[in-house]
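This report concerns only the one structure given below.
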Amino acid sequence: MSKTALITGSTSGIGAGIAESFARQKYNIILNGFGNIADIEAQQKYLTDTYAIKTLYSACDLSKADQIDEMIKTAKSTFGCIDVLVNNAGIQYTEKIEDFPPEKWDAIIAINLTSAFHTIRHTIPIMKEKGWGRIINIASAHGLVASKNKSAYVASKHGIIGLTKVVALETATVNITCNAICPGWVDTPLMRKQVDDKAKTLGVSFDQALLDMVSEKQPSQKCATPHDIGELCVFLAREEAAQITGASYSIDGGWTTE
Ligand code: NAD
């Protein structure tokens with residue numbers, strides 16, 4: 001019987017890469033996120049035509065608890081189950097704490113952390129019904145270490161690692177695992193916006209700012225790709241990964257080894 005994966009924030013970047021990795025494994029896919037509707041339809045068509053799977057798109061705004069509830073209900077009624085839940089959507093804003101806009105703090109905590117609380121609490125009963133499930137939270141190197149000017153982001157990502165551990169303990173005996181992935185720099189629109197900002201601030205080219213930014217943190221001096229993250233998610237969903245739970249996997253070119 002085919003399985004189903006719901007990936008939040010999968011209309012772009014890492015989430016789109018994760019969706020394609022699960023589609024390649026013949027999972028039906030629930031896409032979620034913002035974007036141009038024609039682009040999202042093209043993404044759905046690409047996945048269904050290339051991998052002969054079914055897709056569903058939810059425009060759920062993850063900062064709204066009632067919309068999350070609706071998305072999970074629709075996923076369950078369409079596919080009968082959610083085998084894999086990937087909490088991937090995230091936003092970023094950088095500013096020193098005394099100038100950090102409170103509304104940006106609230107939005108980052110809501111989307112990067114609280115939305116995962118809601119998706120997980122609604123999905124666990126569905127997974128328990130089936131007696132199997134995998135929950136994967138896309139945290140960040142910033143779930144393990146800090147950087148300046150990222151108070152809300154770092155707090156949200158440390159928070160999601162704590163949430164991952166609690167969910168792992170609470171589901172340890174029921175064939176459900178919950179793990180976090182902690183990427184360093186990954187080449188996506190979210191990352192490119194930060195490179196753009198840095199290039200403008202320093203008056204250097206995009207390529208120079210990219211090299212400076214990645215080298216500053218990542219000993220490998222290279223970004224990971226959305227595909228790399230997707231394949232790690234697929235591994236965590238395999239039977240062989242049944243005893244991996246409550247873990248945080250770094251995929252950061254050595255960033256957090258020091
Ligand atoms: P991205 O900006 O390319 O994609 C973010 C996705 O989240 C998009 O689909 C967007 O529409 C969706 N989204 C944003 N707000 C939403 C909302 N309110 N409701 C529903 N969907 C919403 O970002 P990305 O770089 O692919 O990041 C994905 C995840 O990976 C994030 O959690 C991010 O923190 C994490 N991450 C990224 C990097 C990196 O270098 N790119 C590094 C570490 C961790």
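Counting from 1, the numbers follow the sequence of the chain as shown. Read the numbers this way: they start at 1 and go in the same order the structure lists the ligands and their atoms.
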Looking at ligand 1, would [X] count as a contact under a 4.0 Å heavy-atom criterion?
| X | value |
| --- | --- |
| G184 | yes |
| C60 | yes |
| N112 | no |
| K157 | yes |
| A139 | yes |

Nearest non-hydrogen protein atom, atom 16 (C) of ligand 1: F34 CE1, 3.5 Å
Atom 7 (O) of ligand 1: nearest protein contact (heavy atom, Å): G9 CA, 3.4 Å
Does the side chain of [X] come under 3.5 Å of the side chain of [Y] through a donor N or O and an acceptor N or O?
| X | Y | value |
| --- | --- | --- |
| S63 | D61 | yes |
| S147 | K217 | yes |
| Q208 | D212 | yes |

Shortest heavy-atom approach to [atom] - which of [options]:
| atom | options | value |
| --- | --- | --- |
| atom 4 (O) of ligand 1 | G143, C223, S12 | S12 |
| atom 29 (C) of ligand 1 | I14, D252, N88 | N88 |
| atom 41 (N) of ligand 1 | I138, I229, N137, T188 | T188 |

Pull out every atom of ligand 1 sitting under 4.0 Å from any heavy atom of [X], numbered as shown with elements.
| X | answer |
| --- | --- |
| Y153 | 33 (C), 34 (O), 35 (C), 36 (N), 43 (C), 44 (C) |
| G13 | 3 (O), 26 (O) |
| P189 | 3 (O) |
| W185 | 40 (O) |
| G33 | 11 (O), 21 (N) |
| M191 | 40 (O), 41 (N) |
| A89 | 7 (O), 32 (O) |

Separation of H122 NE2 from K76 NZ (nearest 0.5 Å):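 Those atoms lie 14.5 Å apart.
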Spatial distance of atom CE (M127) from atom CG (N175) [nearest 0.5 Å]: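 M127 atom CE to N175 atom CG measures 11.5 Å (nearest 0.5 Å).
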Between side-chain atoms of residues 13-25 and protein atoms elsewhere (two or more places apart, or another chain), which donor-acceptor pairs fall under 3.5 Å?
from	atom 1	to	atom 2	distance (Å)
E20	OE2	Y46	OH	2.7
E20	OE2	Y51	OH	2.5
S21	OG	G17	O	3.4
S21	OG	E231	OE2	2.7
R24	NH1	E231	OE2	3.3

For E95, salt bridge (Lys or Arg N to Asp or Glu O under 4.0 Å) partners two or more places apart: none
Exercise: identify the closest heavy-atom pair between V214 and K222: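 In this case the closest contact between V214 and K222 is CG1-N, 3.7 Å.
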Residue pair G253 / Q218: nearest heavy atoms and the distance that separates them: CA-CG, 3.9 Å
